[in-house]
Amino acid sequence: MPRVANNFGYREDQVKTVHHPIDVCEYLGFHELTTRMVERYRLLDADAIIVYPVRLDRGKQVQFCVRVASQLKRINRSVRLVVVDFHSTGGDKVVYRRELRNLGTDLGLNENEMVFTSEFAPETRVSCPRQVVRDLMLLCNVYIHPSVSETYSLTTQEAGLCGAFLVLNQDFPPMRSVYGPYASYWQFSGAIHFSGREDGEIKTEYVDIMDYCYAIAQRIAYELDNNLVLAQQRQIRKTRNLDYIFRTQLEPLLYARD
């Protein structure tokens with residue numbers, strides 16, 4: 001800054017920094033629906049963006065995502081939990097969605113911090129455009145998969161491919177066999193015996209379930225702050241997008257006075 005001021009004949013305090021902005025949605029080629037969600041819920045502003053594409057069966061245990069998101073907020077990390085709840089149009093799925101919404105509210109998550117795509121765009125209750133799921137995965141930096149049972153979990157693979165920090169179910173042995181050591185494993189109960197060869201299930205009991213989710217949130221926060229790739233990605237997304245540059249660096253200049 002001193003060189004710029006000197007070269008153009010200004011005092012140093014007369015030179016202001018305006019970083020090069022990037023239109024994140026345009027650069028990443030987002031679907032129009034995704035772009036509207038980004039703007040409506042200010043997704044780019046969050047420290048942690050948790051995305052869970054899921055049919056709202058209770059075995060998917062979305063409530064763990066809600067609890068962890070609330071604990072991230074408790075430790076002063078801004079958060080967005082986006083539940084892509086396609087194929088959830090009736091019966092207990094609707095009841096479960098309402099229960100999850102109420103849980104989030106009780107735990108202090110507001111309507112911007114906990115998003116169901118079916119509520120934002122009702123047409124996605126039957127089928128969410130594949131590109132929208134891809135777009136959200138590109139924004140996602142935390143992927144929590146507490147489901148008690150899976151055939152494979154392609155969404156976990158997609159989240160990993162897009163660079164998200166993976167929080168997976170230790171109590172469902174196939175997850176570790178598929179995704180190996182490159183994830184953080186936590187106990188969420190499982191639908192098969194730990195050996196994988198016997199009938200039965202694993203049922204984890206918690207002394208305090210919110211304390212357990214607090215520990216998960218602390219692990220996530222550490223990774224977001226100390227993993228250089230995740231930290232840099234978050235910094236660029238939050239502070240180099242068009243809206244941030246305008247609000248914090250350009251708009252103040254419009255009202256500047258000598």
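Any value given below was found using the heavy atoms of this structure, including those in side chains, with hydrogens, waters and symmetry copies removed.
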Contact check, side chains of [X] and [Y], non-hydrogen atoms, under 4.5 Å:
| X | Y | answer |
| --- | --- | --- |
| P21 | R240 | no |
| Y52 | S147 | yes |
| L168 | Y179 | yes |
| V142 | I49 | no |
| M114 | V79 | no |
| K238 | S78 | yes |
| V83 | V62 | yes |
| D211 | Y206 | no |

To the nearest 0.5 Å, what is the distance between [atom1] ([X]) and [atom2] ([Y])?
| X | Y | atom1 | atom2 | answer |
| --- | --- | --- | --- | --- |
| L242 | I22 | CG | CD1 | 8.5 Å |
| L166 | E223 | CG | CD | 10.5 Å |
| Q235 | D47 | CD | CG | 10.0 Å |
| L107 | C213 | CG | SG | 9.0 Å |
| R67 | L100 | CZ | CG | 9.5 Å |
| S70 | L109 | OG | CG | 5.5 Å |

Locate the shortest heavy-atom distance separating [X] from [Y]; write the atom from each residue and the value.
| X | Y | result |
| --- | --- | --- |
| L44 | R237 | O-NH1, 3.0 Å |
| L33 | H31 | N-ND1, 2.9 Å |
| G29 | Q131 | O-NE2, 2.8 Å |
| L72 | I220 | CD2-CG2, 4.1 Å |
| T156 | M175 | OG1-CE, 3.9 Å |
| A191 | S149 | CB-CB, 3.7 Å |

May I ask you to say whether [X] pairs ionically with [Y], meaning some side-chain N is under 4.0 Å from a carboxylate O?
| X | Y | result |
| --- | --- | --- |
| D92 | R58 | yes |
| R101 | E119 | yes |
| R42 | E113 | no |
| D45 | R80 | no |

Donor-acceptor pair between Q63 and Y96 side chains, under 3.5 angstrom: yes

Q157 versus Y152, side-chain donor and acceptor atoms under 3.5 Å:
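Looking only at side-chain atoms, Q157 and Y152 do form a donor-acceptor pair, the distance falling under 3.5 Å.
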
What do you reckon, are the aromatic ring centroids of W186 and Y212 less than 6.0 Å apart?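 Ring-ring flag for W186/Y212: true, centres closer than 6.0 Å.
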
- Would you say the ring centroid of F172 lies under 6.0 angstrom from that of F188? no

Quick one: does any side-chain atom of [X] pair with a main-chain N or O of [Y] as donor and acceptor, under 3.5 Å?
| X | Y | value |
| --- | --- | --- |
| D57 | G59 | no |
| Q249 | H19 | yes |
| D135 | T34 | no |

Grouping ILVMFWY residues whenever side-chain heavy atoms fall under 4.5 Å, the cluster of F246 otherwise contains V18, Y244, I245, L250, L253

**OP:** In sequence, state the C-alpha distance, the side-chain angles, and the governing distance for L139 and V38, and then conclude on side-chain contact (heavy atoms from CB on, under 4.5 Å).
**Re:** CA-CA 10 Å; L139 287 177; V38 167; 3.8 Å; yes

If you count heavy atoms of other groups shown closer than 6.0 angstrom to [atom1] of [X], is the number above 12?
| X | atom1 | result |
| --- | --- | --- |
| R55 | CZ | no |
| Y27 | OH | no |
| Y222 | OH | no |

For side-chain contact (heavy atoms from CB on, under 4.5 Å), just list the numbers for Q218 and I75, CA-CA rounded to whole Å, side-chain angles, deciding distance to a tenth of an Å, and then say yes or no.
CA-CA 8 Å; Q218 289 281 15; I75 57 176; 3.8 Å; yes

| field | Where at least one partner belongs to residues 149-161, residue pairs that pass salt bridge (charged side-chain N to carboxylate O under 4.0 Å, His left out), sequence neighbours excluded | value |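 Matches after skipping sequence neighbours: K60-E150, R130-E158.
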
What's the verdict on salt bridge (Lys or Arg N to Asp or Glu O under 4.0 Å) for D225 and R234, showing C-alpha distance, side-chain angles and the deciding distance? CA-CA 9 Å; D225 292 344; R234 179 190 60 194; 2.9 Å; yes

Co-membership, hydrophobic cluster, residues [X] and [Y], 4.5 Å side-chain:
| X | Y | result |
| --- | --- | --- |
| L103 | V95 | no |
| V66 | V94 | no |
| V148 | I216 | no |
| I236 | F165 | no |
| I50 | L161 | no |

Subject >> Chi angles and distances behind the side-chain contact (heavy atoms from CB on, under 4.5 Å) call for Y143, T155 >> reply: CA-CA 9 Å; Y143 182 80; T155 56; 2.7 Å; yes

Does the salt bridge (Lys or Arg N to Asp or Glu O under 4.0 Å) test come out yes or no for R40 and E111, once each step is laid out?
CA-CA 11 Å; R40 166 64 181 82; E111 63 178 11; 3.4 Å; yes

- Taking it one step at a time, do S189 and E201 satisfy side-chain contact (heavy atoms from CB on, under 4.5 Å)? CA-CA 8 Å; S189 298; E201 61 180 6; over 6 Å; no

